[in-house]
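Here is the structure we will look at, set down as structure tokens.
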Amino acid sequence: MSIALSEQELFRRKSLQELRALGINPYPAEAYDVNAWAQDINDKFEASPDKYKQVTVAGRIMTRRIMGSASFFELQDSTGRVQVYIKRDDICPGEDKTLYNTVFKKLLDIGDYVGVKGFVFITQTGEISVHTEELTILAKSLKPLPVVKREEDGTIHDGFTDPEMRYRQRYVDLTVNPDYRNIFINRSKVISTMRNYFNAQGWLEVETPILQAVHGGAAARPFNTHHNTLDMPLFLRIANELYLKRLIVAGFDGVYEFGKMFRNEGMDRTHNPEFTSMEIYVAYKDYIWMMAMVEECLETVAKAVHGNPVVQVGKHEINFAGPYEKLSMYDSILKYTDIDVSAMDEAALLKVCADLGIETNATMGKGKLVDEIFSEKVEAHLIQPTYITDYPIEMTPLAKKHRTKDGLVERFELFVNGKEIANAYSELNDPIDQRERLEEQLILAGRGDDEAMAMDDDFLRALEYGMPPTSGLGIGIDRLVMLMTNQSTIQEVLFFPQMRPEKKEQAKISTIEDFVAEGVPAPWVLVLKNMGINTVEQLKAQNPNKLFNDLGGMRKKMKLDIPMPTKEEVIAWCS
RNA sequence: GACUCGGUAGCUCAGCUGGUAGAGCAAAUGACUCUUAAUCAUUGGGUCGAGAGUUCGAAUCUCUCCCGGGUCACCA
């Protein structure tokens, strides 16, 4: 952050002081009772003009068109923009025209929050506008907003488009690019629709620990942290699965949680270190039941956002109405590569990978090799919602063994637009089987797989008390929102995507101590900084006579009750 | 992590094979009573991402670093 202020910022700070000098509080404390909004006025004024004879609107000034004693500006509120007409003699009926000539024309800027009381009318050129009868300053803006110009036909000039600045200063992005608000409004709609759907079935929304001593439930590298009082390492959760299953053990029929997960891995357009997942577990169900539930749920979500189940995503039209295509993992590989891997051992799979040009390494077990082939050759083809079912047991330590097929587990993943968005099992509830499967993970960890799952003895203890047959599901909410809002990067559906810290400009700013060492009393250092003198070098460059006079002026202006230095002292500072 | 493109005024961008840093919008001052990318006139505004090097001279060439975009790898 630069300490030095730009010319425009200095002008705005000056305007702020002048407002105060005129007895106007630029940041009033009182509530401002708004009773009308831009979109409502624009949509409904013509049908019922009588309702808009006395309106109060509030928002930011976004553009100004000033002509002598009358002006137009555009006010932006949470719903959009409405044009405001302001006429000097209307807001200044007497001799004193200060409010218009000085306050409105000179001291207000683009970005300031104001409130307008008045009546709605239509201008000669046909634009619905609010005729100002009373203007109130609600908050002064000290940094100039980027000015994005829009023509009638929607053409945008000087757009604020640099992704780095948009993500770092999302408040600016959403102010000057209000269309992006819709993504977040729809994000909220996706989540609330799912929540309502689950609640209607009688399932319970719960919260489980984010700080975990054992990071279980998924294969991923965690963030490490430390608790001081307990003096023990903790992990930010990579999954909440094992806690939710403990709650099924505890006797709830259905539990679900929307929450952040944290994975210490790479970042790109589909991965953010923290992301939102929804996990749900329902007792006495299996993964076949779960497929039908997901179809109904996602169709409901798509309808809530778009009014119908068909969603445009990139160049594809994706239909979320079920039932979805179902394909076993082995069949999907057979379908897209003509290779039957279902009966192969590790050596044969390694050869297939080599033939297909897929890189492998020594830590990969059979399950991982199959997954590699699938990711490389199948995933990208799965555009319409497709369930991939029945995974090799090696890659899925928490799912129940398949009821009829040896070596497989009852699991499905839902793929849409070539990406996985959901993962579900018939949950493993045989505690002895579960212990063996986690022990196999420890062997993988021993081979160097740093994502293999850890042993969780308390979870096993819970299973030993007995967990009913259960089906569980996880959905990546960010990726689902990407689909529902037709966005190709996860950063666009997160308000504040993870970024490297902004580089601090090496502020060559001298400290208060540096100035004190030159003989400047501490209270005066602040005055100097207020005058734009931020370094000792700048101080040395001053004309002592001028500085002495200016200090007197600042002392009066800032109403400072500190002793004035003598001229000789000021000369000493500068020498 | 690799490759690649980029970082110049508050914002969007130009700036050639090195020669005093430019435009539009925004800002300041003035004119203007229905404008709408308002208009007209005048003016100010830059450590050209940071540092080092080559050179009489670097926004421009070289190297290192920082930040971001894209592609790939890793990864759900």
Side-chain angles (χ1 to χ4, degrees), chain A residues 2 4-12 14-15 62-74 81-90 100 105-106 109-111 121-129 131 141-169 172 176 218-221 238-239 261 263-273 275 277 358-359 361 368 371-372 375-376 379 395 413 415 419-423 450-451 474-476 478-479 488-491 497 499-506 508:
Chain A
S2 169
L5 296 173
S6 70
E7 184 188 37
Q8 291 193 44
E9 288 174 294
L10 291 170
F11 275 124
R12 285 176 180 228
K14 196 161 147 258
S15 297
M62 295 306 283
T63 72
R64 298 202 298 168
R65 295 181 280 277
I66 295 176
M67 314 150 291
S69 58
S71 304
F72 290 92
F73 64 92
E74 281 175 40
R81 292 187 184 189
V82 65
Q83 178 170 271
V84 176
Y85 179 67
I86 180 165
K87 193 172 170 183
R88 186 226 288 147
D89 297 335
D90 286 351
Y100 182 80
K105 281 171 75 172
K106 305 247 188 253
D109 291 288
I110 288 173
F121 73 111
I122 297 185
T123 64
Q124 285 171 14
T125 43
E127 175 136 354
I128 294 169
S129 307
H131 190 122
S141 160
L142 295 182
K143 288 184 99 63
L145 284 173
V147 175
V148 178
K149 297 255 183 182
R150 283 181 181 73
E151 284 188 73
E152 201 81 12
D153 62 7
T155 315
I156 289 177
H157 302 268
D158 299 336
F160 181 71
T161 54
D162 178 11
E164 175 169 5
M165 284 204 284
R166 287 187 47 232
Y167 301 152
R168 285 193 195 281
Q169 301 188 53
V172 174
V176 304
R221 283 198 293 273
I238 56 174
M261 305 299 153
R263 299 192 180 175
N264 205 342
E265 293 167 347
M267 291 163 55
D268 59 32
R269 62 160 73 163
T270 57
H271 297 82
N272 195 62
F275 62 99
S277 105
I358 297 167
E359 281 181 35
N361 65 56
K368 191 114 184 177
D371 191 40
E372 287 294 317
S375 305
E376 186 73 20
E379 247 186 54
M395 52 197 281
E413 292 190 312
F415 287 82
K419 291 262 157 32
E420 179 226 333
I421 66 158
N423 183 17
D450 57 0
E451 293 172 353
I475 292 185
D478 307 294
R479 292 185 187 177
S488 56
T489 73
I490 198 170
Q491 285 77 19
M499 306 281 278
R500 283 199 164 80
E502 268 183 276
K503 188 182 51 174
K504 286 186 197 122
E505 279 179 36
Q506 304 143 316
K508 290 183 283 187

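Numbers restart at 1 for each chain; the letters A, B, ... are given by sequence-line order, proteins then strands. Being a predicted model, the structure only gives us computed values, none of them experimental.
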Nucleotide nearest [X] (side chain, heavy atoms from C-beta), chosen from [options]:
X: S129(A); options: A27(B), G30(B), U35(B); result: U35(B)
X: E164(A); options: C25(B), A76(B), C67(B); result: C67(B)
X: R65(A); options: A38(B), A76(B), U33(B); result: A38(B)
X: M67(A); options: C67(B), C34(B), U36(B); result: C34(B)
X: S6(A); options: U35(B), A76(B), G10(B); result: G10(B)
X: T123(A); options: C75(B), C34(B), U12(B); result: C34(B)
X: R479(A); options: G69(B), C34(B), A76(B); result: A76(B)

I'd like to know if [X] reaches the base of [N] with its side chain, counting only an N/O donor and acceptor under 3.5 Å.
X: D268(A); N: C74(B); answer: yes
X: E127(A); N: U35(B); answer: no
X: E7(A); N: A27(B); answer: no
X: D162(A); N: G68(B); answer: no

Checklist line | Nucleotide A26(B), atom C1' - distance to CG of L10(A) in whole Å | finding: 16 Å
Checklist line | Rounded distance (nearest 0.5 Å) linking atom OG of S375(A) with atom CD of E372(A) | finding: 5.5 Å
Margin query: Looking at R500(A), I'd like to know whether one of its side-chain N or O atoms comes within less than 4.0 Å of OP1 or OP2 on G68(B).
Written below: yes
Check: Which value, in whole Å, describes the distance between the P atoms of nucleotides G46(B) and A21(B)?
Finding: 13 Å
Next item on the list: Could you tell me whether R479(A) and E420(A) make a salt bridge, using a distance below 4.0 angstrom between a side-chain N and a carboxylate O?
Entry: no
